[in-house]
Amino acid sequence: MGINLRTLLEPETITLEELSGKIIALDAYNMIYQFLASIRMKDGRPLTDDNENVVSHLMGLLSRTSNLLKTGIKPVFVFDGVPHPLKESTITYRIMRKKEAMEEWKKALSAGDMERARSKAQQTSHFTHEMVRETKHVIELMGIPLVQAPSDGEAQASLMTAKGEVDATGSQDFDSLLFGSTTLIRNITMSGRRKMPGKHHYKTVNIEKIRLPELLKTHEITHEQLVDMAILIGTDFNEGIKGIGPKKSLKLIKKHGKLEEIMVETGYEIEHFQEIRNIFLNPMASDDYELIWKKPQIERLVELYVEGHQFKESTIKKYIEKIEASKPAHRQIRLDFF
DNA sequence: CACTTCCA
DNA sequence: TGGAAGTGG
């Protein structure tokens with residue numbers, strides 16, 4: 001989701017180890033969604049416990065987070081709050097797409113096309129309140145700070161990064177750059193291994209580091225201009241102009257300077273553009289949080305996974321050992337690294 | 001996701 | 001021996 005700025009970026013490939021000691025504000029929904037989409041059976045069914053509760057997200061959360069901690073990374077999970085009213089049509093559209101995907105999943109299953117079934121099933125991924133509640137519970141049991149954003153989690157994480165409270169924002173989406181996050185880390189959840197996007201070929205997924213100041217410098221634009229470009233292309237809060245992508249929007253912003261001028265020159269009409277600008281340039285965020293990493297509550301974690309959802313005790317213990325092996329918290333943020 | 005098993 | 005496929009819950 002969000003905007004695709006890929007063609008304007010030159011991401012730097014880094015390793016997980018290079019993030020050791022760094023505080024990363026993770027877009028929790030973004031991360032959990034990826035687990036929900038990817039941790040599935042061949043026919044597309046997610047992992048479930050004896051009561052048919054989906055547990056894919058719990059599996060991914062524990063396995064990946066324990067690895068981050070073991071590497072010495074200090075994660076902070078940021079959760080979405082109430083979406084901005086302008087996001088309503090995006091949300092409605094996504095729900096509709098999920099329903100369509102559900103139908104196509106069923107069709108592919110009865111046609112015996114497992115590959116298509118799995119891919120369609122991934123697109124049906126959605127959270128229940130219970131899943132969100134339990135995800136938050138596990139994060140707390142792991143002793144990791146949790147931040148509840150008033151609205152967009154990406155906005156919250158970005159402001160925290162911009163203020164230097166954390167070293168980077170971790171998300172697949174590029175939106176945090178619009179929200180002013182100075183450093184974006186992509187693929188922190190899905191890196192290393194190989195991924196199968198299409199049919200037969202595999203691809204290595206690298207962790208990418210993207211710096212906002214460098215992005216702006218490369219294209220000789222301001223943050224405000226980047227946001228105007230995004231509004232032209234289309235964001236979660238507006239549809240954008242048909243036929244305008246990153247390249248054309250860059251050309252337009254370089255020629256005319258700002259959105260108002262572009263609209264005058266081209267006749268494009270964009271509703272609520274001032275408000276959308278404001279969403280990105282003045283991110284709504286809470287300061288009701290503490291960035292403290294506590295000791296994990298091992299017994300309660302084991303109980304939740306093993307008794308609660310029938311995970312194998314030895315598997316869970318292995319992950320918890322990794323959490324315990326995590327390097328002690330560096331209280332200092334080394335700003336010079338990024 | 002991450003571990004286990006399979007097979008060239 | 002290591003990449004691909006399978007499994008976990």
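Just so it is clear: chains get the letters A, B, ... in the order the sequence lines come, proteins before strands, and each one is counted from 1.
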Strand contacts (DNA chain C) in residues 307-317 of chain A, 4.0 angstrom heavy-atom criterion: His309(A), Gln310(A), Phe311(A), Lys312(A)
Value in whole Å for how far the C1' atom of dC1(B) lies from CG of Leu69(A): 15 Å
Glu130(A) with Arg133(A): basic N within carboxylate O range, under 4.0 Å: yes
Per Lys318(A) side chain, nearest of listed nucleotides dC3(B), dC1(B), dG9(C): dC3(B)
Nucleotide dT4(B), atom C1' - distance to CE of Met59(A) in whole Å: 13 Å
Residues Arg277(A), Asp228(A): salt bridge by 4.0 Å N-O rule: yes
Under 4.0 angstrom between Asn53(A) side-chain N/O and dG9(C) OP1 or OP2: no
Atom-to-atom span, CE of Met41(A) to P of dC1(B) - whole angstrom: 17 Å
Nucleotide nearest Tyr319(A) (side chain, heavy atoms from C-beta), chosen from dG9(C), dG8(C), dA2(B): dA2(B)
Gap between atoms NZ and C1', on Lys70(A) and dC3(B) respectively (whole Å): 14 Å
Ion pair Lys317(A)/Glu313(A), N-O distance below 4.0 Å: yes
Co-membership, hydrophobic cluster, residues Leu58(A) and Phe127(A), 4.5 Å side-chain: yes
Candidate nucleotides dG6(C), dG8(C), dA2(B), ranked by approach to the side chain of Lys42(A) - the nearest: dG6(C)
Ion pair Arg94(A)/Asp236(A), N-O distance below 4.0 Å: yes
NZ/NE/NH1/NH2 to OD/OE distance under 4.0 Å, Arg211(A) and Glu12(A): no
Ring centroid separation Phe280(A) to Phe237(A) under 6.0 Å: yes
Whole-Å gap separating C1' (dC1(B)) and OH (Tyr33(A)): 17 Å
Interatomic distance where CE belongs to Met114(A) and P belongs to dT7(C) [whole Å]: 13 Å
Sugar-phosphate only, base, or nothing, as touched by Ser56(A) at under 4.0 Å among non-hydrogen atoms: nothing
Leu146(A) side chain near Phe79(A) side chain, heavy-atom distance below 4.5 Å: yes
Shortest side-chain distance from Met190(A), nucleotide among dG9(C), dA2(B), dC1(B): dC1(B)
Strand contacts (DNA chain C) in residues 122-141 of chain A, 4.0 angstrom heavy-atom criterion: none
Salt-bridge contact Lys87(A)-Asp152(A) (side-chain N to carboxylate O under 4.0 Å): yes
Side-chain donor-acceptor contact under 3.5 Å, Glu154(A) with Ser171(A): yes
Proximity to the side chain of Ser63(A) - top-ranked nucleotide from dG6(C), dG9(C), dC1(B): dC1(B)
Gap between atoms CG and P, on Leu62(A) and dG8(C) respectively (whole Å): 18 Å
For atom CE of Met31(A) and atom C1' of dA2(B), their distance in whole Å: 13 Å
